[in-house]
Amino acid sequence: MNLVLLVEGAETEPRVYEAWLRHRLPALRREANVADLTTNGYVLVSGKGYPSCYRRIAGLLQDIDANPGRVQELWICIDSEEDTYEGRHAEVQRAVQAELQNTRMASTNPSLEIRVIIQHCCIETWFLGHDGFLRAGPQSRQLVELKRFYDVSSDDPERMATYPGYVTRASFHLAYLKAMLAERSYRYSKQRPGVVITRSSAQAWSSSRRTSTRCRRGARAPDISGASGTCSRRSGRQTT
């Protein structure tokens with residue numbers, strides 16, 4: 001299988017998805033360009049943030065179009081931020097469909113699957129859903145207050161609102177994650193995600209995603225070894 005990924009961010013997402021692919025699909029080799037793909041490879045492209053990431057969709061589709069049959073899946077991984085999951089998903093779909101009109105994809109790559117992966121509200125929201133990160137009895141005053149406000153060990157992190165004093169949900173989710181990991185002597189930053197990209201974390205997310213009912217979409221992190229979340233290029237339907 002050959003795979004192309006477009007991720008929104010320039011720092012965290014490239015590191016996270018590359019690590020997850022290395023752990024879960026070790027046979028895939030990273031290549032620089034679509035034209036370099038042979039068998040069992042992937043190309044990972046940063047969108048450099050939102051909304052500039054949408055400008056990369058056209059170029060990637062053109063590259064795939066120019067290399068018939070070379071790519072089996074295109075993943076577009078974007079935060080919902082303050083938008084709803086459904087709203088951001090629909091926005092990505094419209095952008096993809098608009099750019100597909102300028103390609104010959106129906107004839108050059110008729111079996112291409114385009115997966116729209118919404119990080120709702122951000123990739124740190126997924127990390128909050130890790131079953132082993134939040135202590136049952138947190139010690140720091142900050143974390144005690146955050147857990148009292150919303151307990152991510154029992155409730156869906158995707159539903160968590162903004163704590164008073166934070167401007168956005170994403171900034172609050174990031175702060176919650178940092179506080180949660182600090183109690184376990186881990187450091188987290190956009191540049192150095194640390195423990196969240198280890199093999200054990202990747203395996204834990206894959207396992208909990210299939211068994212937990214805590215997240216309404218089971219979307220704390222995608223099961224990258226499967227086909228869940230595939231969005232049909234021709235129909236635009238979300239399948240599971």
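Both tests pass for R88 against the ring of Y50: distance under 6.0 Å to the centre and angle within 45° of the axis.
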**Asked** Do F133 and V196 pass the side chain to side chain contact (heavy atoms under 4.5 Å, CB included) test, and can you show the C-alpha distance, the side-chain angles, and the key distance before you say yes or no?
**Response** CA-CA 10 Å; F133 283 164; V196 302; 4.0 Å; yes
**Asked** Step by step, would you call E73 with M1 a side chain to side chain contact (heavy atoms under 4.5 Å, CB included)?
**Response** CA-CA 8 Å; E73 294 193 16; M1 180 187 77; 4.0 Å; yes
**Item:** Steps toward salt bridge (charged side-chain N to carboxylate O under 4.0 Å, His left out) verdict (E124, K190)
**Value:** CA-CA 10 Å; E124 283 79 20; K190 293 286 188 179; 2.9 Å; yes
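The aromatic rings of F172 and Y176 lie tilted to each other, with the angle between the two planes from 30° to 60°.
Counting only N and O atoms by type, the side chains of E99 and Y54 include no donor and acceptor under 3.5 Å apart.
E18 and R30 are joined by a salt bridge, as a carboxylate oxygen and a charged side-chain nitrogen come within less than 4.0 angstrom of each other.
E145 pairs in a side chain to side chain donor-acceptor pair (under 3.5 Å) with only one of the listed residues (K147, R148, Q142), which is R148.
Hydrophobic clustering (ILVMFWY, side-chain heavy atoms < 4.5 Å, transitive): L134 and V144 are in distinct clusters.
Considering all non-hydrogen atoms of both residues, N2 and T39 come closest at OD1-C, 3.5 Å. Shown here for N67 and A35, the closest heavy-atom pair between the two residues is OD1-CA, 3.8 Å.
To the nearest 0.5 Å, atom CG of residue D151 and atom CG of residue D156 are 12.0 Å apart.
For OH of Y150, the number of neighbouring non-hydrogen atoms (other residues, nucleotides, ligands) closer than 6.0 Å is greater than 12.
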